[in-house]
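Numbers restart at 1 for each chain; the letters A, B, ... are given by sequence-line order, proteins then strands.
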Amino acid sequence: MPELPEVEIIRRGLALAMEGASFEAVTLNRPDLRFPFEANFVRRLLSERVYRLTRRAKYIIAETESGLSLAMHLGMTGRFTILHKAAGRAKTPGAFYHDYDADPRHDHVVFGMSNGDVIRYNDVRRFGYMTLFPARDMAEHPLFKALGVEPLSDGLSPSSLAESASGKAQPLKAFLLDQRIIAGLGNIYVCEALFRAGLPPNAEAGLLAKGKRGRAASERLCASVKSVLGDALLAGGSSIRDYRHADGKGGNFQEKFDVYGRGGEPCHNGCGALIERKAQQGRSTFFCPICQAKL
DNA sequence: ACATAGACCTGTTGGC
DNA sequence: TGCCAACAGGTCTATG
């Protein structure tokens, strides 16, 4: 489910339940998610007090006062749900998803916090994972070491984009999905950003570093990546294949997609073409054959 | 070093 | 209605 905007929205919701609270109970309903939980996962976490939640790429990181960090990745189908003690009914992070019903088959992790909130991690496909590490080791951690720039930071600029694309023969689509270049983009926002920039998904990435056209394309692409992520954040992220409760706020960026999931539908630019879908890198790419004809 | 295909896992959807 | 193939927001790992 989650790319950068969704993960960020979930982080903000989780922060309400986690920050300032400590782990009073940790339940693992199975020995692994995508990877096995490390030995002593529960014991190491118990009584640790969270002082802040941060995000890096698509990871949410709970940092504790004693210097322990818990990194959480949601994979494709991971979800967090907060049950507030007083409310008795589920409240979800960022009011993003529907009210919660217990799902014993896929509720894999349950955190009982000292403030009375209960946080459940649900993940049907189990592509998500959690891991503990000393906060001070983050820069050298295998998961984080090679990550590229945060796209909403100043680290991503037209020139940095062109520089990292220089000499690369791979298609723009694959280039943008590479977390070592830009950290946090996924299939949806790559498709949307390429559309906004008017660039063909299969154009050679290296062209961004070549000539006047390359420079102009880098400018458009950089601006498009930032604007599509920014717009998605303002909309509360995108909810695909997730029922959303009628009174839930946010999470409606999917209604603003220009290309993703719109195969066969007319281009929003009014060019008269129909959005096409094709497989690229084993994933679906959506694009307008007219508006994204050439770099 | 780089690029692509396959693997992981389960549920939903669309076509015959 | 039933069955099966294709597909799904991610990313790690083999292979060429």
Legend entry - Whole-Å distance separating the CZ atom of F35(A) from the C1' atom of dC12(C): 6 Å
Inset, instruction - Using the P atom as the reference point in each nucleotide, state the distance between dA5(B) and dC7(C) in Å, no decimals. - result: 14 Å
Inset, instruction - Classify every nucleotide of nucleotides 7-13 of chain B by which part a protein heavy atom approaches to under 4.0 Å, writing B for the base, S for the sugar-phosphate alone and - for neither, in 5'-to-3' order. - result: -BBBS--
Legend entry - Distance-only side-chain donor-acceptor flag, R277(A) / S284(A), under 3.5 Å: yes
Inset, instruction - Apply side chain to side chain contact (heavy atoms under 4.5 Å, CB included) to the pair F127(A) and L74(A), showing each step before the final yes or no. - result: CA-CA 7 Å; F127(A) 286 169; L74(A) 300 158; over 6 Å; no
Inset, instruction - Take F144(A) and Y59(A) through the ring-ring contact (aromatic ring centres under 6.0 Å, His included) test and state the conclusion after the steps. - result: CA-CA 9 Å; F144(A) 302 107; Y59(A) 295 89; 4.9 Å; yes
Legend entry - Candidate nucleotides dA8(C), dT4(B), dT11(C), ranked by approach to the side chain of R277(A) - the nearest: dA8(C)
Inset, instruction - Start with the C-alpha gap between E6(A) and I9(A), add the side-chain angles, then the distance that decides, and say whether side chain to side chain contact (heavy atoms under 4.5 Å, CB included) holds. - result: CA-CA 5 Å; E6(A) 292 75 36; I9(A) 296 293; 5.7 Å; no
Inset, instruction - Would you please confirm or rule out a distance under 4.0 Å between OP1 or OP2 of dA3(B) and any side-chain N or O of K168(A)? - result: no
Inset, instruction - Would you kindly give the CD-to-C1' distance between Q280(A) and dC7(C), to the nearest whole Å? - result: 17 Å
Inset, instruction - Send over the distance from Y59(A) OH to dG10(C) C1', rounded to a whole Å. - result: 9 Å
Inset, instruction - Please work out if F175(A) contacts a base, only the sugar-phosphate, or nothing of the nucleic acid, heavy-atom cut-off 4.0 Å. - result: nothing
Legend entry - For atom CG of L4(A) and atom P of dT11(C), their distance in whole Å: 11 Å
Inset, instruction - Scan P5(A) against the nucleic acid and name what it touches under 4.0 Å (heavy atoms): base, sugar-phosphate only, or nothing. - result: nothing
Legend entry - For atom CG of D178(A) and atom C1' of dG10(C), their distance in whole Å: 13 Å
Inset, instruction - Return no unless some side-chain N or O of H73(A) is found under 4.0 Å from OP1 or OP2 of dT11(C). - result: yes
Legend entry - Length of the line joining I188(A):CD1 and dG10(C):P, which is rounded to integer Å: 7 Å
Inset, instruction - Establish, from distance only, whether the side-chain atoms of T131(A) and E38(A) form a donor-acceptor pair under 3.5 Å. - result: yes
Inset, instruction - Scan side-chain atoms only and decide if D123(A) and H108(A) contain a donor-acceptor pair under the 3.5 Å cut-off. - result: no
Legend entry - Counter-base of dC9(B), judged by Watson-Crick or G-U geometry with both distances under 3.5 Å: none
Inset, instruction - Rounded to whole angstrom, note down the P distance from dT11(C) over to dA1(B). - result: 23 Å
Inset, instruction - May I ask you to check whether S238(A) and Y189(A) show a side-chain donor-acceptor distance below 3.5 Å? - result: yes
Legend entry - Integer-rounded Å distance: dT11(C) C1' and K145(A) NZ: 18 Å
Inset, instruction - Quick one: label G186(A) by what it contacts on the DNA or RNA (base, sugar-phosphate, nothing), any heavy atom closer than 4.0 Å. - result: sugar-phosphate
Inset, instruction - Looking only at side-chain atoms of R283(A), point me to the closest of dG10(C), dT4(B), dC7(C). - result: dG10(C)
Give every donor-acceptor pair under 3.5 Å between a side-chain atom in residues 164-172 of chain A and any protein atom, sequence neighbours left out.
| residue | atom | partner | partner atom | Å |
| --- | --- | --- | --- | --- |
| S164(A) | OG | S160(A) | O | 2.8 |
| S164(A) | OG | L161(A) | O | 3.2 |
| K168(A) | NZ | S164(A) | O | 3.2 |

Inset, instruction - Starting from C1' on dC12(C), measure out to CD on Q281(A) and report it in whole angstrom. - result: 16 Å
Inset, instruction - May I ask you to say what Y129(A) touches in the nucleic acid, namely base, sugar-phosphate or nothing, with a heavy-atom cut-off under 4.0 Å? - result: sugar-phosphate
Inset, instruction - For A174(A), report the nucleic acid contact type (base, sugar-phosphate, nothing); a contact means any heavy atom under 4.0 Å. - result: nothing
Inset, instruction - Considering just the side-chain nitrogens and oxygens of Q179(A), establish if one lies under 4.0 Å of OP1 or OP2 belonging to dT11(C). - result: yes
